[in-house]
Every structure is written in C-alpha cells, then in structure tokens.
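The sequence lines fix the lettering, A, B, ..., with proteins before strands; numbering per chain opens at 1.
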Amino acid sequence: MTPAPVRVRFAPSPTGFLHIGGARTALLNWLFARHSGGSFILRIEDTDRNRLTAGAVEGLMDALRWLGLEWDEGPDKGGPHGPYVQSERKALYHAWANGLLEQGKAYKCWATPEELQRAREIAQKSRGGKIAGYERIYRFISDAERAQVQAERGDAYVIRFAMPLEGETVVHDRVRGKIVFDNADQSDTVLLKSDGFPTYHLAMAVDDHFMQISHVMRSDEWVPSLALHQQLYEAFGWPAPEWVHLPVILNPTGKGKLSKRKPPVDEKGNPIPVMVHEYRELGYLPEALVNFLTNIGYSFGDDREVFTVEETIGRFDLRRINPASGTFPMQKLIWLNGKYIADLTDEDFITRVTPFLQAAYGERFEAASLHAITPFIKERVNPLMQAVALIKFLYVYDPSPAEELIMKKMDAAQTSTILERSHALLSTIEPFVHTATEPPMRDLVEALGFKPGQVFGTLRQAVTGQLVSPPLFESMEVMGKATSLQRLAEAQARLAAG
RNA sequence: GCCCCCAUCGUCUAGUGGACUAGGACGCCGCCCUUUCAAGGCGAAAACAGGGGUUCGAAUCCCCUUGGGGGCACCA
C-alpha cells in the first residue's frame, strides 16, 4: 500500500493581517509539503461573517508570498478541490450536517442565549465546575416536544453534534503522542450556526476530507477540541487525518500567547512586532524571519543555527517538533537578521534598502551616494529601517547646535582650532578619498595633542550633524570635498556666533 | 472551577538509561580592537522545578506536587 500523498493546508480566517504565529504555522506546513514532495494548500475560513475584514485575504496572501511560502492550490489560483473559500462551500456543509441529523448523530437546538446561560449557571452550581453538557437542552426531548418547538421557533435553530456520552476518545498526535479524552467531559458543539454558516469544526472536517488533507498541522489551541474532531470524522465515516499540533509562541513579558492586544516587549524593553507586515516595514529580511521561525519549537538536533530554506526543506522532519511552547526570542531574531543583512551582496543590499530611503527622503534620495556608502553601513543597519537615520546626512543636513560640537573635556576655543586646522588640512588633499585624508588627519590630531575621539567626534558632528554615523573619513569621501569643507566652515561659524 | 497539554542556563535549544564534571546559540558580564555606532576576537558566569519510585545506573521511564500554557462561544 503506497502512502497517501502529503497534502497540508494553511487555513487563516480573513480577519486581519498575518500574525507571526500564523506565519510559523504556515511555514511548518509549507516545509513539510516541500520536503515530502506534497502539496501546500491555502484555504480561507470566512465562516464568521461578523469578523470579515476588507482586504484581509489580499494582505494574508501578500505576507505569505513575501515570506516565500507559495501555495499550490488556493483561492486565487484554483485547484482540483476548490473552491478554496469556505463561504462558497455552504451547500456541502449543509448536506453533511443534515446527513448527521438524519442518522441521529446531530440534533437541532433552539436554545436562546438566555436559556444557555441559565443552563450553564445551574450546571456550574450543581456539578462543581463540571459544566460540560449543559447545552444539551434539546438533545433528549421527545418527538412531540420537538415538533412543538419547531412550530413555535421555526428555523431559529443550530445543529449540534451529539457527542457520545460515555467512553473515551483516543487520539494520536504526531508531536504529543496519545491523548485520551473522557467523553463525559465533552460538549455538544455547534456544527451549523443559525445564519446557515458552519462553525470551524464542521467546515474543517468536511473541507479537510474533501480536499484530501493528509496532515492537519495547526496550533496547539485546537487540542481541546480534538475529541470532537476525531468523533466527527468517525460519525461521517471518514478516516481521520494525521494530527500535528504545534506549540504556541508565548509573550515573554505578560505571559500568555503572543498577541496584539498585549503588545509584547523583549528583555531589553524593545517592542516585539506581532504582525508579519510590521517586520517587513521595519526591514527584517524574509529569509532571516523564515530561518528564525524554524528555530522556535523546532531544531535539527545539531549545533547549527543558520541555514537556507533549501537546506531546511531537505532536512525537515516532523518528529523534531518540540511539544513545549516557548517565548519569542526577539534578540535572536535581531542577531540573525543582522547576520543576513551583513551577508547580502552590496547590490542586493542596495535593492532592499532603497525603498526605505525613498520613502523617507523622496526626491532628495539619490542612488550614487547610497552605492558608495553601502560597504560601510551594511553591518550597522539592522533592521534596514535604521539606514534612514544612519545616512540621513547624505540627503538632509541638520546642523548640530554649537554646544554639541564640543566634545567631553574640550572647550569652544579648542573645538574652533580643530575645525579650523582640519579645514585647512583637508582642503589641500586631493583626491578626497578616505585613504588619503585619514593618515594626515591622524598626524594632525597628534600634533595638536588631542585624542582621536575628541577631534573626530567634533568633525563628525560638524560634517554629518549626527552623533552616530558611518566612519568619518568614508562619510566625508561620499559626501564630497566641497560639501565636507563647507559644513566644517559653517560649523566653525556657528561656534563663533554662539 | 473543570478538562487537556507542557516543564534543561535569563531566552531559544541539544540530550530518546551509562559517552553529561549537561553541549550550542542569543543575551548578559569582563577584556581586546576602536573616530561614534556596529562588526569582530578572546574569556567568564549561567540550567536538568521539587519529592517519591523503577533500575547496577536516570536530565532521560513511572507517580505525586508545584509552576506555566491552552480550552471550556451560534470565534476561528
């Protein structure tokens, strides 16, 4: 018997942007599909009509593609098992829900929110916290009663699954092993809502079956409903897929899941973005993010931390998923991203950083200076967004006030001398390249009896208007002789004036 | 409260009964380099949650406790 082909899916609901945790789930699915030569399917779970968000599907697809997680079947590209949007599959869900109804494996429930609330409270008081099953109000009524409610309340019902009341449901999870649920602890979950849309549980079971999903790889938070899902498959008479439950990513500070509601912060107090597009906008490289994400809750078992996607695909192994949930190691992402940026070719770096500079400086941005400064900033820019502040002096000159020109343990007169002598010396140097400017300037520092830091600090402020910049002589070279000298002269004038 | 899951340095992890005086990485700390900021080099500190078993032998297996997480919707 040949094993069924691997078919996995990522099934987000279009309620907002792609969450970093969702990205990891998608990534692991994608890796598994690519490793096994299987298919990765994108399915949109839009059965909650109240939470639909305009543009969400496009945003989700955009983020997935930015990460490089292309799908084989999906809403925009079709496939043999479509449609891939649940709201377009309503007839299917109805058919199968009604089938269950006919077999007595599901039942109509007319309970109002108030009835449910009351039943819940009674259960809570009388059964010491064991409230499972409180919702079974309409499960065991007689045919006559049923006919009467039907007549009175009409179509205002939901279809609930009639969970077995006794026994156990045993489920095998690929990362957790055997999980046993006591059926008596389970509830009769709603399968079909009164608006005619299915709940997640029904839609998932039906879709995964008909889309021939081999492995359901999803977040941990679904484990509690595993008994239901397993029983649902049995009720339908379908073989259940392999279950693979991934640990969730926790918030390092507040504890609990990583979420946008409680903005997470790392050990240094820096914010941890939660949405994939935020990483993109800050200048994290998708390949760095992908590498990083595979290192959370997963490991190849060796001492390596950095690897290409191709390598990850080749070596991916479901059995190496760690069942324990962990916190988001932001500092490690920053480190990894810095490594990836530093390893970029100059060409590639320029391509990636240009959009950030264009957004910040518009028409004042020009490519030539970026090209020239690139070798000196690649290791200082992480994430890419930092380039905007680091090389601002190339596009916008924001002169430092006079007092900022004066370094520690220096006074105005000394600073003025430095500015004057530097200007005089630099104006004689040709060509104006850092290898030509730096040695004589170092000699000057010594001749004047100062420390390099004192002199170069003053010059940096004068010439860039920044406290932090790329190396001074390289920066001046890129700026050009005329601009450099002019800024030195202006700085000296400001010092004299103020 | 009830049900389920999880548990190795601060953090991400390696470890599948003996090779563990527990390895790597990030971070932290110290030193070096240094014109700022990075990067880099060298070095150090740092963990098997606790208690019971099983075994000749336990980080590894079992139980309890504790701690953390998830779920208990006509949301997914």
Side-chain angles (χ1 to χ4, degrees), chain A residues 11-13 15 45-48 50-51 109 111 113 116 120 124 127-132 134-135 156-160 173 176 179-182 184-187 189-195 197-201 203-204 218-227 245 247-248 250 252 255-257 266-268 292 295-306 322-336 338-339 342 376-382 386 390 407 438 441-442 445 451-461 464 466-473 475:
Chain A
S13 57
T15 56
E45 309 218 323
D46 60 343
T47 56
D48 183 350
N50 300 318
R51 297 203 306 159
C109 167
L116 250 14
R120 191 193 162 88
Q124 201 141 27
R127 283 189 284 159
K130 285 204 175 219
I131 56 172
Y134 74 86
E135 72 293 322
Y157 63 84
V158 300
I159 294 180
R160 284 185 190 274
D173 182 87
R176 267 149 244 283
I179 304 174
V180 180
F181 297 91
D182 196 337
D185 291 331
Q186 306 302 313
S187 297
T189 309
V190 173
L191 260 22
L192 201 68
K193 301 185 272 188
S194 56
D195 66 359
F197 281 87
T199 58
Y200 169 85
H201 312 285
M204 173 230 70
R218 78 250 272 203
S219 157
D220 231 359
E221 59 209 27
W222 293 109
V223 170
S225 40
L226 253 182
H245 286 90
V248 294
L250 271 22
K255 286 303 174 188
K257 283 187 295 184
D266 74 3
E267 67 263 36
K268 290 186 174 178
F292 168 75
N295 280 149
I296 308 178
Y298 183 86
S299 146
F300 284 122
D302 56 20
D303 287 341
R304 307 246 330 272
E305 303 269 337
V306 185
N322 186 340
S325 51
T327 64
F328 193 87
M330 186 65 193
Q331 283 303 319
K332 218 158 178 172
L333 203 213
I334 293 171
W335 165 76
L336 198 57
K339 252 179 132 55
F376 312 113
I377 65 169
K378 260 203 311 186
E379 284 179 346
R380 292 165 222 267
V381 156
N382 176 27
Q386 288 181 351
L390 222 218
M407 296 294 108
E438 182 166 347
M441 281 301 293
R442 286 197 178 275
V445 168
K451 293 250 166 59
Q454 296 175 306
V455 174
F456 298 154
T458 291
L459 297 185
R460 180 189 320 285
Q461 283 282 4
T464 68
Q466 297 172 195
L467 185 61
V468 174
S469 82
L472 179 62
F473 298 101
S475 297

Taking any strand in view, what nucleotide pairs with [N] in a Watson-Crick or G-U wobble way, both distances under 3.5 Å?
{"N": "A7(B)", "result": "U66(B)"}
{"N": "A14(B)", "result": "none"}
{"N": "G1(B)", "result": "C72(B)"}

Within the pair [X] and [N], is there a side-chain N or O less than 4.0 Å away from OP1 or OP2?
{"X": "K451(A)", "N": "U36(B)", "value": "no"}
{"X": "T47(A)", "N": "C75(B)", "value": "no"}
{"X": "T327(A)", "N": "C12(B)", "value": "yes"}
{"X": "N322(A)", "N": "A14(B)", "value": "yes"}

Output the rounded distance in Å from [atom1] ([X]) to [atom2] ([N]).
{"X": "L333(A)", "N": "G27(B)", "atom1": "CG", "atom2": "C1'", "value": "14 Å"}
{"X": "W222(A)", "N": "C72(B)", "atom1": "CH2", "atom2": "C1'", "value": "13 Å"}
{"X": "K268(A)", "N": "C29(B)", "atom1": "NZ", "atom2": "C1'", "value": "12 Å"}
{"X": "Q386(A)", "N": "A39(B)", "atom1": "CD", "atom2": "P", "value": "10 Å"}
{"X": "M330(A)", "N": "C12(B)", "atom1": "CE", "atom2": "C1'", "value": "14 Å"}
{"X": "Q331(A)", "N": "C29(B)", "atom1": "CD", "atom2": "P", "value": "12 Å"}
{"X": "I159(A)", "N": "C74(B)", "atom1": "CD1", "atom2": "P", "value": "14 Å"}
{"X": "E438(A)", "N": "U34(B)", "atom1": "CD", "atom2": "P", "value": "11 Å"}

Protein-nucleic acid N or O pairs under 3.5 Å, nucleotides 60-65 of chain B:
none

Hey, is the main chain of H245(A) close enough, under 3.5 Å, to the side chain of R176(A) for a donor-acceptor pair? yes

Do any N or O atoms from the side chain of N382(A) and from the backbone of I334(A) form a donor-acceptor pair under 3.5 angstrom? yes

For Q331(A), check side-chain hydrogen bond (donor to acceptor under 3.5 Å, both in side chains) against everything at least two apart and list the hits. D266(A)

To the side chain of [X], which of [options] is closest?
{"X": "Y134(A)", "options": "A73(B), A7(B), G69(B)", "result": "A73(B)"}
{"X": "I179(A)", "options": "U35(B), C4(B), A76(B)", "result": "C4(B)"}
{"X": "E379(A)", "options": "A38(B), C12(B), G71(B)", "result": "A38(B)"}
{"X": "R442(A)", "options": "C74(B), U35(B), A76(B)", "result": "U35(B)"}
{"X": "P471(A)", "options": "C28(B), A7(B), U36(B)", "result": "U36(B)"}

Listing time: all N or O pairs from protein to nucleotides 46-51 of chain B that are below 3.5 Å?
none

Using heavy atoms to find the nearest nucleotide of RNA chain B for R160(A) and R380(A) separately, return the residue whose nucleotide is more 5′.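 Going by which nucleotide is closer to the 5' end, it is R380(A).
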
Can you work out whether Y298(A) or R460(A) has the more 5'-proximal nearest nucleotide on RNA chain B?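 Final value for this comparison: Y298(A).
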
Assign [X] to base, sugar-phosphate, or nothing according to its heavy-atom contacts below 4.0 angstrom with the strands shown.
{"X": "V158(A)", "value": "base"}
{"X": "S225(A)", "value": "nothing"}
{"X": "L472(A)", "value": "base"}
{"X": "P470(A)", "value": "base"}
{"X": "P452(A)", "value": "sugar-phosphate"}
{"X": "G457(A)", "value": "nothing"}
{"X": "G338(A)", "value": "nothing"}
{"X": "K378(A)", "value": "nothing"}
{"X": "A111(A)", "value": "base"}

Side chain to side chain contact (heavy atoms under 4.5 Å, CB included) partners for P224(A), two or more places apart: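 Residues passing side chain to side chain contact (heavy atoms under 4.5 Å, CB included) with P224(A): none at all.
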
Say we look at [N] and [M]: how far apart would their [atom1] atoms be, to the nearest angstrom?
{"N": "G24(B)", "M": "A45(B)", "atom1": "P", "answer": "12 Å"}
{"N": "A7(B)", "M": "U21(B)", "atom1": "C1'", "answer": "24 Å"}
{"N": "G15(B)", "M": "C33(B)", "atom1": "P", "answer": "40 Å"}
{"N": "C3(B)", "M": "A73(B)", "atom1": "P", "answer": "16 Å"}
{"N": "G10(B)", "M": "C20(B)", "atom1": "C1'", "answer": "22 Å"}
{"N": "G30(B)", "M": "A46(B)", "atom1": "C1'", "answer": "15 Å"}
{"N": "U11(B)", "M": "G68(B)", "atom1": "P", "answer": "14 Å"}
{"N": "G23(B)", "M": "U60(B)", "atom1": "C1'", "answer": "15 Å"}

Which protein N or O atoms sit under 3.5 Å from an N or O of nucleotides 1-3 of chain B?
unit_1 : atom_1 : unit_2  : atom_2 : d
G1(B)  : O2'    : G128(A) : O      : 3.0
C2(B)  : O4'    : G129(A) : O      : 3.4

To the nearest 0.5 Å, what is the distance between NZ on K193(A) and OG1 on T199(A)? 7.0 Å

Check: C37(B) base within 3.5 Å donor-acceptor of S469(A) side chain: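 No pair found.
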
Compare all side-chain heavy atoms of W222(A) with those of H201(A) and state whether any distance is below 4.5 angstrom.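 SC-SC contact between W222(A) and H201(A) confirmed.
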
I'd like a list of close polar pairs between nucleotides 23-25 of chain B and the protein, N/O only, cut-off under 3.5 Å.
unit_1 : atom_1 : unit_2  : atom_2 : d
G24(B) : O2'    : D303(A) : O      : 3.3
G24(B) : N2     : E305(A) : OE2    : 3.1
A25(B) : O4'    : E305(A) : OE2    : 3.2
A25(B) : N3     : K332(A) : NZ     : 2.8

